[in-house]
There are 2 protein chains.
Amino acid sequence: MAVPETRVDLTETELAAWRGLLRVHTALVKALDAELAAAHDLPLSSYEVLITLESAPDRKRRMAELADSVLLSRSGMTRLVDRLEREGLLVRDTCTDDGRGCFAVLTEKGAELLERARPTHLEGVRERFLVHFSEDELRRFASAWERVLPGAASAD
Amino acid sequence: MAVPETRVDLTETELAAWRGLLRVHTALVKALDAELAAAHDLPLSSYEVLITLESAPDRKRRMAELADSVLLSRSGMTRLVDRLEREGLLVRDTCTDDGRGCFAVLTEKGAELLERARPTHLEGVRERFLVHFSEDELRRFASAWERVLPGAASAD
DNA sequence: GCGGCGTAGTTGCGTGGGCAACGGGTAATT
DNA sequence: AATTACCCGTTGCCCACGCAACTACGCCGC
């Protein structure tokens, strides 16, 4: 007897919810990155690293930790930290506990730039994204992401 | 007299809604792209182009149209179409109306590959994203994206 | 202590993508 | 018709990133 065919196409609503996510993300990130780069010569990816460092104990974090927190490969993080170190926004510090390891530490210059860049960025996020939603809707978003994230990475 | 200071930091909820969007998008796209590439040797960006062509009249679209629809620069689209043409999934066709222009046309081979790839991709989108939401929630998403998109690209 | 194994970070190499400049075609102004 | 301005798609150049290979170190069991 016939097993019901797996439905293939998406409904209008499904498509709108999914493709909308793609478009919104791409557009927002592009705009915010351009804005930040124009105002402070700081790409969004660099900003994310500095923000992560700032909120860390002693303003320092391991490389792998950083890579995970901004979803970048280890080698990608090596080079991003290279660039930031070249600009004096952070320095590498040897890890005494683990000879293989290495810390990235936010410098004063990095902290200062971050202080200037933060209002720009947060204003951008607010004007382009947050402003459209109520507190309640934002909570729905947050809960939605919590449901999706665990199963997003692995292949099920 | 003192104008109230612009609030700088985001609330917990705002942060969760915003950063969640970033993480979810990145994780989902990474996973779906890998899945599609593994199963059909077709990156997600190529899939998007083929899908766009399939739904077009005569299965053809102008280059700039394609670029806009997948949020890629013109030069990026030139090269993506180069690759797809090299694999025989589409062909370029001269535009008779406009001597500058150029169409990309889906080939039979492209259509066949798309037919095989579509279930893979849609299953992935369902399992990783859609499955977590009710019809009602999906409608909320769609409406959310409609509100955000218009103001996302331009500066304010 | 010493060989094997896992792990942290770096490096070579290949790839995808953006920006600016260009070549050729169209549209507007005269 | 000629000049000018604009627009389409392509190309050169560069950069950011991932993968795989490598080095150097920690952690075992023996």
Side-chain angles (χ1 to χ4, degrees), chain A residues 22 25-27 29-38 41-49 53 60-87 89-105 153, chain B residues 22 25-27 29-38 41-49 53 60-87 89-105 153:
Chain A
L22 296 183
H25 169 94
T26 309
V29 167
K30 211 167 273 189
L32 292 169
D33 182 65
E35 185 176 63
L36 210 50
D41 200 26
L42 188 73
L44 187 52
S45 56
S46 303
Y47 176 87
E48 303 267 8
V49 169
L53 283 182
K60 60 165 61 174
R61 276 216 200 285
R62 294 291 289 267
M63 297 294 290
E65 222 178 335
L66 275 178
D68 291 348
S69 80
V70 302
L71 299 182
L72 213 64
S73 72
R74 311 261 162 128
S75 62
M77 186 50 71
T78 293
R79 284 185 257 254
L80 179 45
V81 167
D82 283 350
R83 274 170 271 154
L84 295 174
E85 192 170 25
R86 233 175 285 131
E87 298 181 22
L89 305 176
L90 56 77
V91 289
R92 267 177 244 249
D93 194 9
T94 58
C95 175
T96 51
D97 304 2
D98 184 342
R100 299 166 296 181
C102 175
F103 282 111
V105 192
Chain B
L22 295 183
H25 169 94
T26 308
V29 167
K30 211 167 274 189
L32 292 169
D33 183 64
E35 185 176 63
L36 210 49
D41 199 25
L42 189 74
L44 188 53
S45 56
S46 303
Y47 176 88
E48 303 266 9
V49 169
L53 283 182
K60 60 165 61 174
R61 277 219 201 282
R62 293 290 291 267
M63 297 294 291
E65 222 178 334
L66 274 179
D68 292 347
S69 80
V70 301
L71 298 183
L72 213 64
S73 72
R74 312 261 162 128
S75 61
M77 186 51 70
T78 293
R79 284 184 256 254
L80 179 47
V81 166
D82 282 351
R83 275 170 270 152
L84 295 175
E85 192 170 26
R86 230 176 285 131
E87 297 183 23
L89 304 176
L90 56 75
V91 289
R92 267 177 244 249
D93 194 10
T94 58
C95 174
T96 51
D97 305 2
D98 185 342
R100 298 167 297 183
C102 175
F103 282 111
V105 192

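Letters go in sequence order (proteins before strands), and every chain restarts at 1.
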Would you kindly give the CG-to-P distance between B:Leu90 and D:dG9, to the nearest whole Å? 14 Å
Using whole Å, what does the distance between atom P of nucleotide D:dG18 and atom CE of A:Met63 come to? 13 Å
Residue closer to the 5' end of DNA chain C, A:Gly101 versus A:Arg79 (nearest nucleotide): A:Gly101
Supply the atom-to-atom distance B:Arg62 CZ to B:Asp68 CG, rounded to the nearest 0.5 angstrom. 12.0 Å
Toward the 5' end of DNA chain D, which comes first, B:Met77 or A:Met77, by nearest nucleotide? B:Met77
For B:Lys30 and A:Leu71, indicate whether the former's side chain and the latter's backbone hold a donor-acceptor pair under 3.5 Å. yes
Determine whether B:Leu89 and B:Val49 make a side-chain contact, defined as any pair of heavy atoms from C-beta on separated by less than 4.5 Å. no
Which whole-number value in Å describes the distance from A:Asp97 CG to C:dT7 C1'? 15 Å
Point-to-point distance, once rounded to the nearest 0.5 Å, from CG of A:Leu44 to CD of A:Glu35: 10.0 Å
Residues touching DNA chain D, which here means a heavy atom under 4.0 Å, drawn from residues 41-49 of chain B: none
Side chain of A:Ser75 (C-beta onward), nearest among C:dT11, C:dT10, C:dG16: C:dT11
Please confirm whether the shortest side-chain N or O distance from B:Arg62 to OP1 or OP2 of D:dC8 is below 4.0 Å. no
Closest to the side chain of A:Arg92, out of D:dC17, D:dT10, C:dG9, is C:dG9
Flag if over 12 foreign heavy atoms under 6.0 Å of CG, A:Asp82: yes
Using the side-chain heavy atoms of B:Leu72, tell me which of these nucleotides is nearest: D:dT11, D:dG18, C:dG18. C:dG18
Spacing between A:Phe103 atom CZ and C:dA8 atom C1', to the nearest angstrom: 12 Å
In whole Å, what is the span from the CG atom of A:Asp93 to the P atom of C:dG9? 13 Å
If you round to the nearest 0.5 Å, how far is OG of A:Ser73 from CG of A:Leu80? 10.0 Å
For A:Asp98 and for B:Ser73, find the nucleotide of DNA chain C with the closest heavy atom, then tell me which residue's nucleotide is more 5'. A:Asp98
Check the pair A:Thr26 / B:Val70 against side-chain contact (heavy atoms from CB on, under 4.5 Å), numbers first and verdict last. CA-CA 10 Å; A:Thr26 309; B:Val70 301; over 6 Å; no
Can you tell me if the side-chain N/O atoms of A:Arg100 get under 4.0 Å from OP1 or OP2 in D:dC22? no
Value in whole Å for how far the P atom of C:dG9 lies from CG of A:Leu84: 16 Å
B:Arg74 has an atom CZ; how far is it from atom P of C:dA21, in whole Å? 17 Å
When the distance from CG of A:Asp82 to P of C:dT10 is rounded to whole Å, what number comes out? 7 Å
